[in-house]
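Sequence lines set the chain letters: A, B, ... in the order given, protein chains first and strands last, and positions in each chain run from 1.
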2 protein chains.
Amino acid sequence: MHASPETEWAELALGALASEGRKAGGARRAVVELLAGQSCCLSAQEVADRLRGRVGVASVYRALDLLAREGLVQRIELGDGAARFERVVPGGDHHHHVVCERCGRLTPFEDEDLERAMHRLAGRLAHTVRGHDVLIRGECSSCARSG
Amino acid sequence: MHASPETEWAELALGALASEGRKAGGARRAVVELLAGQSCCLSAQEVADRLRGRVGVASVYRALDLLAREGLVQRIELGDGAARFERVVPGGDHHHHVVCERCGRLTPFEDEDLERAMHRLAGRLAHTVRGHDVLIRGECSSCARSG
DNA sequence: GTGAATGCAAACTCTTTGCATGACT
DNA sequence: AGTCATGCAAAGAGTTTGCATTCAC
């Protein structure tokens, strides 16, 4: 029997940090556990807000930054000036985002075809590829309807 | 005979603005002309620096913002907290970027295969698609060699 | 016990805004 | 002439840093 994917990721992340001698105090643990329960990205502010009172803003940023450097979370920029963060499940699937330029709504999507094209492309580049982000911009169906 | 693509784009951009009743003062014109001569993206700060003395920072941001809203330039976020801007040549080709996480070097690339995958994907989404950005993260060949 | 993590507040960077002035059409 | 663009300086948002304290190992 398996633990849920969320729990697995939290353990993975905390374990990865521990194996490098990083300590998991309350702040780090709270950030990891919050992210573990999200299926899509959260901005640093959102993380800080949901943890307000328990964790200081600086620790939130420090934790997110560390996790991103370790490849345990992915930093995502949507162009609104706030970085977003989302857990990376190794070997798990992997989605991208469509953002509505009208209402700002964010929708995740997966596309195997696109991933294959990215993979083929990676082989062609004179670069070691660690990851990729795709952002599609447009208008969501409800905004398109209303005008 | 054709004007160079750069000149064409500058005229297109200025023309598009003029047709909406926007005036092209020195600042706007300077930003458009600077961008016209670039083949890859420039950050707002870089634009402001190269225009320093002639154009105020606020006007640079205002011009870039207007051009981006009109779809004449594309705003690109690389995750370093500074927005970059690059001209959009309608019908012209279209590139994406690979960024080295070690040295920050930015390399443009084009990939038809990827564009096709994006195009097919667009048809599958419940969204009007206006554009897309792809960012590949990794290590450039010289950083990979040295470490 | 020791070094790392945390919280707070101050500092910083990038970007936006208010307002008076100046310029384009 | 009238409207829009510009510059400057101040404000704002998001993020980072310094430092004393507290906590995990």
* Is there a donor-acceptor contact under 3.5 Å linking the side chains of B/H132 and B/H119? ->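 Per modelled atom types, B/H132 and B/H119 side chains form no pair under 3.5 Å.
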* **Exercise: do B/E115 and B/H95 side chains pair donor with acceptor under 3.5 Å** =>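 On atom types as modelled, these side chains do not qualify, holding no pair under 3.5 Å.
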Interatomic distance, [X] [atom1] vs [N] [atom2] [rounded to whole Å]:
X: B/R54; N: D/dA5; atom1: CZ; atom2: C1'; result: 17 Å
X: A/R29; N: D/dC25; atom1: CZ; atom2: C1'; result: 12 Å
X: A/L66; N: C/dA4; atom1: CG; atom2: C1'; result: 12 Å
X: B/E77; N: D/dG14; atom1: CD; atom2: C1'; result: 12 Å
X: A/R28; N: C/dG3; atom1: CZ; atom2: C1'; result: 12 Å
X: B/D65; N: C/dC14; atom1: CG; atom2: P; result: 18 Å
X: A/R75; N: D/dT16; atom1: CZ; atom2: P; result: 6 Å
X: A/L17; N: C/dG3; atom1: CG; atom2: C1'; result: 16 Å

* **DNA chain C: 5'-proximal contact among B/G81 and A/A24 (nearest heavy atom)** =>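 Here A/A24 is the residue nearer the 5' end.
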Quick check for you: among [options], whose closest atom lies nearest to any side-chain atom of [X]?
X: A/K23; options: D/dT15, C/dG7, C/dA4; result: C/dA4
X: A/Q45; options: C/dT15, D/dT17, D/dT15; result: D/dT15
X: B/A44; options: C/dT15, D/dT6, D/dG7; result: C/dT15

Using a heavy-atom cut-off of under 4.0 Å over every strand shown, decide if [X] touches base, sugar-phosphate, or nothing.
X: A/G26; value: sugar-phosphate
X: B/A83; value: sugar-phosphate
X: A/A58; value: base

* Asked: What are the two closest heavy atoms between A/H96 and A/V134, and how far apart are they?
  ->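 Here A/H96 and A/V134 meet closest at ND1-N, 3.3 Å.
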State whether [X] places a side-chain N or O below 4.0 Å from either non-bridging phosphate oxygen (OP1 or OP2) of [N].
X: A/R62; N: C/dA5; answer: no
X: B/S59; N: D/dA5; answer: no
X: B/Y61; N: C/dT15; answer: yes

* State, yes or no, whether a side-chain contact exists between A/I76 and A/Q74 at a heavy-atom distance under 4.5 Å. =>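 A/I76 reaches A/Q74 side chain to side chain.
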* Asked: Shared ILVMFWY cluster between A/V89 and A/F109, side chains joined below 4.5 angstrom?
  ->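 Not linked; separate clusters.
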